[in-house]
Amino acid sequence: DYEGARPVLAGGRLVAGLDVKGFEETDWDAGVSGKLGLQFGAPHPARRGLSLFLVVYDGFAPFGQFPGTEVRYYGASLQFDF
């Protein structure tokens, strides 16, 4: 995870995260999830404000009825921090 200390665009601080997971059921093939965005509001630890992210996932569906199914998605996310 990365959380910038200084505003970079419209008062928002750069934030990013990367998560890599492998499961035995998929022969330890990695699923990669990433987020990159801007966080607006009070800095950590208060964390009151909102965050806007670009989101990506590429890998196997880790849970549910079809764990061996490959999944890939891209999107945007708006998160309220209270």
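The shown structure was predicted, so the numbers you read here are calculated from the model rather than taken from an experiment.
- Hydrophobic clustering of Ile, Leu, Val, Met, Phe, Trp and Tyr side chains at less than 4.5 Å, counting indirect connections, keeps F60 apart from V20.
- A distance-only check finds a donor-acceptor pair linking the side chain of R13 to the backbone of G41 [under 3.5 Å].
- Once rounded to the nearest 0.5 Å, the distance linking CD of Q39 with CG of L52 reads 11.5 Å.
- Here the shortest heavy-atom pairing between Y57 and S33 reads CD1-CB, 3.7 Å.
- Here the side chains of V15 and F53 are in contact, with some heavy-atom distance below 4.5 Å.
- By the salt bridge (charged side-chain N to carboxylate O under 4.0 Å, His left out) test, D29 is found to be paired with no residue, residues two or more places apart in sequence or in another chain being considered.
- Counting heavy atoms from C-beta on, the side chains of Y73 and V55 come closer than 4.5 Å.
- Nearest heavy-atom pair across G17 and D1 is CA-OD1, 3.6 Å.
- A 4.5 Å side-chain heavy-atom check between F40 and L38 finds at least one atom pair inside the cut-off.
- By the salt bridge (charged side-chain N to carboxylate O under 4.0 Å, His left out) test, R72 pairs with D58, sequence neighbours left out.
- L14 approaches V8 most closely through the heavy-atom pair N-CG2, 4.0 Å.
- Y74 is not connected to L78 by any chain of hydrophobic side-chain contacts under 4.5 Å among Ile, Leu, Val, Met, Phe, Trp and Tyr, and they are in different clusters.
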